[in-house]
Protein chains: 2
Amino acid sequence: MSTLSVPAEVPSPAEDAEKLYQAFSGWGTNEGQIVSILAHRNAEQRRVIRKVYAETYGEDLLKSLDKELSQEFEKLVLLWTLDPAERDALLANEAVRKWNPRDRVLIEIACARSSTELILVRQAYHVRYKKSLEEDVACHTTGDIRKLLLPLLTAYRYEGTEVNMVLAKSEAKILHENISDKAYNHEDLIRIISTRSKTQLAATFNHYIDLFENPILKDLEPEAEDEYVSLLVAAIQCLSLPEEYFEKVLRLAINKLGTDEEALARVVATRAEVDLGKVGEAYYRRNSVSLAHAVASDTSGDYQAMLVALIGHDPSC
Amino acid sequence: MSTLSVPAEVPSPAEDAEKLYQAFSGWGTNEGQIVSILAHRNAEQRRVIRKVYAETYGEDLLKSLDKELSQEFEKLVLLWTLDPAERDALLANEAVRKWNPRDRVLIEIACARSSTELILVRQAYHVRYKKSLEEDVACHTTGDIRKLLLPLLTAYRYEGTEVNMVLAKSEAKILHENISDKAYNHEDLIRIISTRSKTQLAATFNHYIDLFENPILKDLEPEAEDEYVSLLVAAIQCLSLPEEYFEKVLRLAINKLGTDEEALARVVATRAEVDLGKVGEAYYRRNSVSLAHAVASDTSGDYQAMLVALIGHDPSC
């Protein structure tokens with residue numbers, strides 16, 4: 001459920017490109033104009049605007065934005081304007097370079113994208129960085145975290161609806177056994193989480209509850225402070241409950257003393273065209289305040305305007 | 001260097017489909033006609049013939065071939081007629097189902113295809129088997145062999161020409177250290193072999209010789225009888241010297257008491273449109289007899305005719 005609102009009559013890409021060019025011209029930048037255009041165009045429309053802009057004005061739109069904007073607003077507009085696969089490649093590369101095991105970006109890219117989207121990210125990574133995502137990740141990580149991250153990032157999961165119930169049951173038992181033994185890095189556990197289809201995993205997690213009472217995430221909770229286990233938990237959440245996962249990331253980002261702008265911008269930019277509507281619903285259920293309102297209260301200026309435009313609600317509601 | 005010979009004037013796919021249909025009709029099958037058409041059409045042409053055949057005669061060409069042909073000839077014609085990605089998916093699935101650690105098929109698919117081809121194989125596997133290649137492989141293998149096979153099969157290697165010489169040198173040292181310690185399953189060794197681009201690996205293997213005298217394969221030789229090490233050796237050969245690797249597979253297949261038809265058909269069907277010319281040159285250098293001649297001496301009938309047509313030389317030469 002996308003929160004993107006595209007006008008019924010979309011101006012031509014040439015008109016959009018021209019208005020953007022005008023917004024950069026003269027004294028000061030017209031940020032409102034930038035928001036009113038870019039925040040209301042889908043990925044394909046933005047791609048064409050970028051192409052037409054480069055052909056007409058001889059500069060990549062991203063470069064113009066980079067020169068004209070600043071701080072969080074700039075970061076958000078750039079992230080949003082990028083093609084989704086390119087955006088993920090950039091986020092992944094940033095995550096690898098500033099490697100921090102608490103960072104969830106690689107898990108999100110590996111587990112909360114479709115199989116085809118993940119391949120496109122890997123292709124975009126080749127083009128942009130002249131190497132593969134997996135060689136960078138393998139090179140910057142070690143031990144259990146590498147053992148988990150690599151198969152997740154290189155997976156090409158089946159996406160059909162077929163479920164093997166016998167397998168789901170037997171693998172629920174394997175997961176439970178590994179977790180009971182605190183063998184969170186067991187190769188069978190990693191194999192199941194990193195190769196099975198999301199539909200199959202949903203069945204496995206259901207059998208887990210049926211057979212052992214608790215949801216699998218509940219059984220992992222006691223160890224959730226551990227760096228490796230917390231990544232495993234994030235992977236399971238992104239695979240099975242992405243809306244609840246992203247709701248929590250947003251909640252923590254907003255509630256933090258001095259909003260976590262990076263997480264906020266990332267989730268809004270990467271989910272607006274995917275499921276930000278459902279994330280917003282989960283947010284309202286959990287916090288009794290609308291996501292747009294919470295974000296608006298916590299931010300200001302052009303940055304606020306862009307966020308709220310992407311979240312798709314009036315800040316007063 | 002492909003060995004495929006396509007006539008200068010190719011009949012229309014409809015004509016080809018009709019001639020194939022005729023070859024199946026009446027008393028007996030006209031195997032010569034089948035060879036004269038299919039062995040002289042490239043993958044794209046075969047794909048269109050198959051499409052037109054299904055539209056015109058209401059049956060998949062592969063099914064007709066399956067009904068009309070038999071034994072090694074059937075197997076070879078079917079393999080050849082399949083789309084390359086579908087063919088690899090089928091070979092991989094067969095290898096997984098009859099899992100034998102001596103089988104080289106999965107290594108060949110993982111290491112002797114381009115990055116894009118390997119992705120296409122994984123897509124074809126989804127379509128055909130309603131699951132992912134990696135979940136099947138992960139499920140049927142264990143231990144070190146799984147640790148090596150999975151990252152090889154899920155790799156999407158960078159394919160540009162850029163080489164990092166400093167990295168090549170440092171990774172040559174890591175490989176040498178692991179091999180000297182007999183730590184053939186060391187995670188750094190597997191990481192390097194399974195993630196670096198083929199160009200980068202070529203530089204690394206060259207530094208290995210410069211620094212430590214022997215080629216890396218020479219240093220692995222003493223342990224080559226070990227199942228795991230022999231797979232590792234095959235991976236390195238497929239990545240760096242595919243022609244020599246396939247030359248050896250053919251040599252062993254032909255010299256075996258009672259030719260290894262499976263290996264022979266597989267290598268000819270999978271390499272004819274890729275590098276069978278160079279494999280043939282390597283064969284001649286090593287055996288002082290042409291590949292076509294060796295194959296012709298070892299086989300007979302329609303099977304022989306099809307093989308020789310694909311190898312692309314007159315058996316008398």
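The chains referred to below are lettered A, B, ... by the order of the sequence lines, with proteins before strands, and numbering in each begins at 1.
The 12-atom threshold is exceeded at NZ of A/K75, counting heavy atoms of other residues, nucleotides or ligands nearer than 6.0 Å. Within 6.0 Å of the CD atom in A/E223, the count of heavy atoms belonging to other residues, nucleotides or ligands exceeds 12. Heavy-atom contacts from other residues, nucleotides or ligands closer than 6.0 Å to NZ of A/K198 number more than 12. The local environment of CD in A/E162 is crowded, with over 12 non-hydrogen atoms from other residues, nucleotides or ligands closer than 6.0 Å. At most 12 non-hydrogen atoms from other residues, nucleotides or ligands lie less than 6.0 angstrom from CD of B/E262. With a 6.0 Å radius and a threshold of 12 heavy atoms from other residues, nucleotides or ligands, A/M165 has its CE atom at or below the threshold.
For B/R196, the parts lying near chain A are the backbone and the side chain together; criterion is any non-hydrogen pair under 4.5 Å. Neither the backbone nor the side chain of A/N164 comes within contact range of chain B, judged by heavy atoms closer than 4.5 Å.
Residues from residues 135-148 of chain A that place a non-hydrogen atom less than 4.5 Å from a non-hydrogen atom of chain B comprise A/E135, A/A138, A/C139, A/G143, A/R146, given in numerical order. Contacts between residues 108-133 of chain A and chain B, defined by a heavy-atom separation under 4.5 Å, are made by A/I119, A/R122, A/Q123, A/H126, A/K130, A/K131, A/S132.
How far CG of B/L150 is from CD1 of A/I190: 11.5 Å, rounded to the nearest 0.5 Å.
With hydrogens and angles disregarded, a donor-acceptor distance shorter than 3.5 Å links the side chain of B/E134 to the backbone of A/Y156.
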